[in-house]
Amino acid sequence: MKRALWTLGIFVALVALLAVGLRLDPREVPSPLIGKPAPPFELPLLTEPDKRFSQKDMLGKVWIMNVWASWCPPCLVEHPVVTRIAQSGLAPVVGLNYKDARDDALPWLKRNGNPYQLIVFDANGRIGIDYGVYGVPETYVIDRKGVIRYKHIGPLNADVVKQKVEPLVQQLNSGG
Amino acid sequence: MIPELGQIALALALAVAIIQAVLPLAGAANGNRAWIAVARPAAQTQALLVAFAFGCLTYAFVNNDFSVAYVADHSNSALPLHYRVSGVWGGHEGSLLLWTLMLGVWMTAVSWFSGHLPEEMTARVLGVMGIVSLGFLAFMLFTSNPFDRQFPPAIDGRDLNPLLQDPGMVIHPPMLYMGYVGFSVAFAFAVAALLSGKLDAAWARWSRPWTTVAWMFLTLGIALGSGWAYYELGWGGWWFWDPVENASFMPWLIGTALIHSLAVTEKRGGFRSWTVLLAIIAFGLSLLGTFLVRSGVLTSVHAFAVDPKRGIFILGLFTVLIGGALALYAWRTSRIGLGGEFAPVSRESFLLANNVLLVAAAGAVFLGTLYPLLIDALGAGKISVGPPYFESVFVPLMAPALFLMGVGPLARWKHTTIPELAVLLRWALAVSLAVGLLLPLAFGQWHALTGFALALAVWIVATALISLKKRPRGSRAHLGMVTAHIGVAVFVVGVTLVKTYESDKDLKMKPGDTVSLAGYLFRLDQVTNVKGPNYVAARAKVLVTRNGEAITVMYPEKRLYVVQNMPMTEAAIDPGPTRDLYVSLGDPFDDGSWLVKVQHKPFIDWIWVGCLIMALGGLLAASDRRYRVVLPRRRGAEVTA
């Protein structure tokens with residue numbers, strides 16, 4: 001009887017562990033960049049090659065940077081979510097077009113819509129290295145002082161936006 | 001229309017499963033014969049309904065019905081027909097349907113081959129299986145319906161994961177699931193025995209062939225999975241201690257322990273409580289494997305469908321089924337009794353040691369698999385446990401088990417003496433030591449561990465031959481046991497030799513370049529572009545010679561599957577009984593040269609041949625006469641009933 005209860009006890013502990021495990025995401029790799037200033041860059045815009053943009057232009061605003069490429073199917077998956085964020089007016093969304101070609105990226109935007117306030121063009125992926133881009137898509141939340149506060153690897157989904165991105169942006173906007 | 005019919009069939013199957021889960025168990029509890037009689041027809045009806053649903057999904061795949069969301073996600077009009085059929089189980093929903101179908105196959109088999117069992121026992125076994133089936137059907141219908149339609153229909157499908165577009169993957173999941181699900185029969189027998197309170201030798205005899213057949217399928221399934229990883233992932237590895245692999249290996253280890261423990265329960269009436277517990281754990285680990293693969297709590301190279309919401313459902317199912325069985329076990333275990341006594345040196349004690357070692361090995365794998373999750377749950381960071389851990393704990397546990405494998409079958413039940421064993425075994429010991437000392441020299445390099453492992457392999461074969469000589473007209477069960485043990489020896493030889501003597505080279509090659517490895521000369525002749533049905537590829541032509549004599553021409557490919565934009569390395573393998581040559585093509589350089597990996601893998605095919613022999617042993621053992629003689633009697637019984 002005693003031995004059998006031991007077995008039950010181990011089983012209950014296992015179930016508890018698995019239940020906790022369900023709420024964790026093994027893909028959530030902590031980024032060393034969180035809490036650090038966003039790496040500086042100055043890049044031409046995708047749509048208007050003669051204009052340039054730097055992360056300094058956004059100082060004083062809470063903003064979202066979304067790394068995408070036309071060759072990346074998951075970007076297409078998350079595109080409606082990005083579009084919804086941009087339309088909700090939560091924060092300006094800046095696109096970083098990563099290791100892409102203009103001739104591919106522009107038709108992609110035409111087909112799927114362009115939710116971005118502006119898009120910078122990182123053709124050789126130099127800026128991606130500074131930001132530690134693991135794989136496209138990735139999304140960063142950057143605060144008024146230009147400090148990275150959150151990073152999401154992989155396609156955004158409605159849950160992540162609701163539970164992580166929205167509360168964080170609202171908190172940062174209300175003076176946090 | 002057809003998908004809706006499949007949907008209706010699944011809903012009906014759920015209704016039948018409810019009846020099957022309630023009436024036979026209730027009938028067996030209060031002796032209602034009419035309710036007991038429901039068990040068999042209910043199981044068969046349910047299996048037919050699920051098979052019909054499976055046919056409907058296959059039909060949707062074959063006819064490219066992209067209005068069904070699951071088909072659109074896992075197929076494409078350019079996909080060849082055989083992969084459209086195997087695409088049925090290429091994703092989460094279809095895998096579940098396959099799982100349920102396998103359960104239906106097992107239930108039908110139980111309903112056919114249970115004529116010799118008391119009717120209450122059959123009713124309880126099928127009732128418990130009905131509960132399992134009920135859980136999975138509800139899971140499928142409420143969280144992962146394969147027949148969900150989407151509107152508007154997709155113009156074309158998103159294609160099957162290119163990793164799964166492989167002949168090995170066509171049969172690997174059905175085999176693996178036959179094994180996983182097969183342990184549900186042993187589980188159902190154990191729970192039925194706990195319910196009835198009759199855990200005797202007869203119970204062990206009834207569950208033995210089922211357990212052995214399930215174990216055989218699981219062995220084949222794991223071997224196919226490993227073979228698939230070997231040639232499809234393109235790295236030349238055959239086992240990675242990946243969570244998904246471990247998920248199938250843990251039930252295998254416990255299942256192996258269970259087979260041996262059942263032998264003691266049948267022959268000597270011993271280990272009863274322990275055998276029941278193993279039966280519960282074996283199926284529990286099968287469910288846990290399903291949970292780990294399907295919920296995404298662990299990262300893995302091949303966790304294909306991941307959704308935490310589904311994880312909660314499987315976890316609930318796991319808790320109810322296994323928690324319920326363990327609670328029943330805790331409640332009833334005091335009534336089970338202990339069985340025959342045995343001396344410290346006896347076949348029982350050797351089998352007990354075998355059980356302890358196998359369970360400890362499963363425990364070590366379990367710990368290594370769940371440790372990253374535990375650390376993460378405690379908020380202590382992200383880690384991964386790799387092959388060094390598994391190898392360093394697994395090898396020391398398996399070495400004594402391999403040694404005992406030679407002694408156990410020759411020891412007598414109840415009591416045996418060491419001098420008696422020594423007389424029987426001295427030649428085997430001498431031969432295996434000699435081979436262990438000398439054989440590695442034939443390969444040019446002597447390693448202590450290699451010699452030791454080879455000695456163990458020879459030891460197993462030599463003792464198996466002694467045991468055959470001692471019982472020349474032994475039963476098929478005995479022959480099966482000997483065969484399976486020889487399979488283990490073949491497997492050990494393969495693992496040892498490939499681990500010790502494999503060699504490889506990574507290099508940049510231009511057409512015309514040559515590289516030599518283990519006496520073979522590889523020349524890259526040319527790289528051409530080829531077009532497949534749903535991919536484009538660069539195909540290299542590699543000429544292999546040895547001492548100027550042409551051996552073979554190999555064609556490794558670097559493929560790009562266009563729909564999912566996914567590159568794949570398609571290695572070229574020249575298999576042979578004493579070595580595989582393995583060439584894979586890496587990335588091209590700007591100057592027209594390619595990254596090429598050539599590998600020489602001595603005796604690697606022995607790994608899978610060993611698994612095949614083990615499975616054959618299982619088949620032989622399960623087809624022993626004493627499990628079969630009951631069939632004619634059953635027909636007679638039905639006529640008179």
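To find a chain, count down the sequence lines: A is the first, B the second, and so on, and within it residues start at 1.
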Test side chain to side chain contact (heavy atoms under 4.5 Å, CB included), reference B/L326, set A/V12, A/T7, A/I10, output is A/T7

So, for A/L8 and B/G323, which heavy atoms are closest and what is the spacing to 0.1 Å?
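The answer is CD2-O, 4.1 Å.
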
Okay, B/I322 and chain A: the region with an atom under 4.5 Å from a heavy atom over there is both

Could you give the distance from [atom1] ([X]) to [atom2] ([Y]), rounded to the nearest 0.5 Å?
X	Y	atom1	atom2	result
B/L373	A/L17	CG	CG	4.5 Å
A/L14	B/L288	CG	CG	6.0 Å
A/L18	B/I312	CG	CD1	12.0 Å

* Asked: Should we say atom CG of A/N124 is surrounded by more than 12 heavy atoms from elsewhere, each under 6.0 Å from it?
  -> yes

